[in-house]
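Worksheet: the structure to be examined is printed underneath.
Naming: A, B, ... by sequence-line order, numbering from 1 per chain. Note that this is a predicted model, so its numbers are computed, not measured.
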Protein chains: 2
Amino acid sequence: MRIGETAAAVGMTAKTLRFYEDRGLLPAADRAPNGYRDYPHETVSRLEFIRRGRTAGLTLAQIGDILSVRDIGQAPCVHVRDLLAKQLRDLDAQIAELTALRATVAEFHDAAAAGDPAACDPERICSYL
Amino acid sequence: MRIGETAAAVGMTAKTLRFYEDRGLLPAADRAPNGYRDYPHETVSRLEFIRRGRTAGLTLAQIGDILSVRDIGQAPCVHVRDLLAKQLRDLDAQIAELTALRATVAEFHDAAAAGDPAACDPERICSYL
DNA sequence: CTTGACCTTCCACTATACTGGAAGGTCAAG
DNA sequence: CTTGACCTTCCAGTATAGTGGAAGGTCAAG
């Protein structure tokens with residue numbers, strides 16, 4: 001399969017596939033006599049795996065690690081489980097941080113909504129922030 | 001006040017102040033005969049305002065907009081209120097997105113924690129993702 | 001006179017996941 | 001023979017908020 005065909009099969013662009021190759025997520029493809037990349041069919045599942053990983057919020061580096069484990073013949077399940085656990089922890093931390101920020105902003109906003117513009121102290125630039 | 005002194009007064013670095021000047025958040029400072037920047041005292045409140053804005057998750061561009069309004073002599077309160085409202089909406093959207101992602105990841109993770117590594121289908125790379 | 005702590009400018013780099021574009025090769029169809 | 005749709009490589013840029021470092025000027029103290 002040529003690069004554009006492969007990319008289209010998973011809704012990506014040829015550029016993205018070259019980029020993934022550069023980042024080590026795709027092995028260097030065989031080349032046709034004219035120099036064009038020639039992908040085997042399993043590249044499609046590999047790309048779909050990469051997309052599932054992205055959907056789960058994993059970075060390309062993390063997905064690359066999983067693929068490396070798989071590529072040396074080991075089942076990456078344990079690694080995947082650990083990564084997913086870490087991802088859950090990270091997400092919880094991020095959500096907590098954003099929730100705290102939201103509370104801060106809400107306080108500022110409530111004061112601004114209730115307040116009197118004339119109360120602005122020039123030295124403070126804006127009394128609502 | 002010299003740049004290092006001013007920066008230290010608010011816990012920032014001289015580099016950061018030059019960067020803020022470059023981004024238009026600080027007006028170009030007067031220069032001493034030797035070329036050193038010479039900041040008036042109100043620069044400290046301006047920097048503290050910038051920091052409060054950052055604490056509220058505003059971007060430097062948004063803070064710069066507020067300061068511009070203030071600098072042409074208008075009270076930026078209405079602008080600030082609108083920005084804070086937008087910030088609340090953005091935060092809610094982000095939190096919702098992360099929460100949905102967390103649910104997806106939790107599903108994958110639960111399957112991985114319960115599952116049998118032998119079930120891995122090589123074609124699918126990892127049955128848990 | 002030198003040392004050290006300041007200050008100046010300017011350029012590059014960090015991280016992430018691509019995207020855009022230039023310059024050029026390949027190939028089937030009309 | 002040309003046109004268009006492919007493909008190749010490589011370089012640069014996107015967004016954010018700075019940080020790091022080079023090369024050099026200034027100034028008070030010892």
Side-chain angles (χ1 to χ4, degrees), chain A residues 1-26 28-39 43 46-67 83 86-87 90-91 94 97-98 101, chain B residues 1-26 28-39 43 46-67 83 86-87 90-91 94 97-98 101:
Chain A
M1 291 171 85
R2 294 200 305 192
I3 193 170
E5 196 186 345
T6 313
V10 293
M12 296 175 175
T13 67
K15 282 252 180 205
T16 301
L17 266 63
R18 287 188 204 103
F19 175 69
Y20 285 168
E21 176 181 312
D22 184 62
R23 288 313 202 67
L25 278 85
L26 287 184
D30 284 347
R31 298 298 176 124
N34 60 10
Y36 289 12
R37 284 175 182 79
D38 184 19
Y39 288 101
T43 298
R46 197 175 177 98
L47 289 169
E48 279 166 350
F49 176 78
I50 293 171
R51 205 177 32 204
R52 287 197 301 277
R54 295 285 304 131
T55 299
L58 299 182
T59 65
L60 293 186
Q62 290 172 322
I63 296 168
D65 286 349
I66 300 174
L67 289 168
L83 263 181
K86 177 184 182 322
Q87 182 70 354
D90 290 355
L91 284 171
Q94 266 187 69
E97 204 172 307
L98 285 179
L101 178 54
Chain B
M1 294 170 84
R2 293 201 304 193
I3 192 169
E5 196 185 347
T6 312
V10 292
M12 295 175 178
T13 67
K15 283 250 179 206
T16 300
L17 267 64
R18 287 188 204 104
F19 175 69
Y20 285 168
E21 176 181 313
D22 184 60
R23 289 312 203 69
L25 278 84
L26 287 184
D30 285 346
R31 298 297 175 124
N34 60 10
Y36 290 11
R37 286 175 182 78
D38 184 18
Y39 289 101
T43 297
R46 197 175 177 97
L47 289 169
E48 280 166 348
F49 177 78
I50 293 173
R51 206 178 26 205
R52 289 197 301 277
R54 296 285 304 131
T55 300
L58 299 181
T59 65
L60 294 186
Q62 290 172 321
I63 297 169
D65 287 347
I66 300 174
L67 290 168
L83 263 181
K86 178 185 182 324
Q87 182 69 354
D90 289 355
L91 285 171
Q94 265 186 69
E97 205 172 307
L98 285 179
L101 179 55

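- Using a distance-only test at 3.5 Å, with no hydrogens or angles considered, no donor-acceptor pair links the side chain of Gln62(B) to the main chain of Leu83(B).
- The 5' end of DNA chain D is approached more closely, in terms of each residue's nearest nucleotide, by Ile3(A) than by the other of Tyr36(B) and Ile3(A).
- Of the side-chain N and O atoms in Tyr20(A), none sit less than 4.0 angstrom from OP1 or OP2 of dA17(C).
- Between the side chain of Arg54(B) and the backbone N or O of Leu58(B) there is at least one donor-acceptor pair closer than 3.5 Å.
- With Arg51(B) contributing its side chain and Gly11(B) its backbone, the two residues share no donor-acceptor pair below 3.5 Å.
- When each of Arg23(A) and Pro33(A) is assigned the nucleotide of DNA chain C bearing its nearest heavy atom, the one mapping closer to the 5' terminus is Arg23(A).
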**OP:** Can you run through DNA chain D from 5' to 3' and write each base as (, ), [, ], | or . depending on how it pairs? Watson-Crick or G-U wobble, both distances under 3.5 Å.
**Re:** ||||||||||||||||||||||||||||||

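- Both Lys15(B) and Phe19(B) lie close to DNA chain D; mapped to their nearest nucleotides by heavy-atom distance, the more 5′-ward contact belongs to Phe19(B).
- When atom types are taken as modelled, the side chain of Asp38(B) and the backbone of Arg31(B) share no donor-acceptor pair closer than 3.5 angstrom.
- Few gaps surround CD on Glu5(A); more than 12 heavy atoms of other groups in view lie less than 6.0 Å from it.
- Phosphate contact (OP1/OP2 of dT8(D), side-chain N/O of Arg37(A), threshold under 4.0 Å): present.
- A salt bridge links Asp90(B) with Lys86(B); the closest basic N to acidic carboxylate O contact falls under 4.0 Å.
- Distances shorter than 4.0 Å separate none of the side-chain N or O atoms of Asn34(A) from OP1 or OP2 on dG25(C).
- Within 4.0 Å of Arg18(B), counting heavy atoms only, lies at least one base atom of the nucleic acid.
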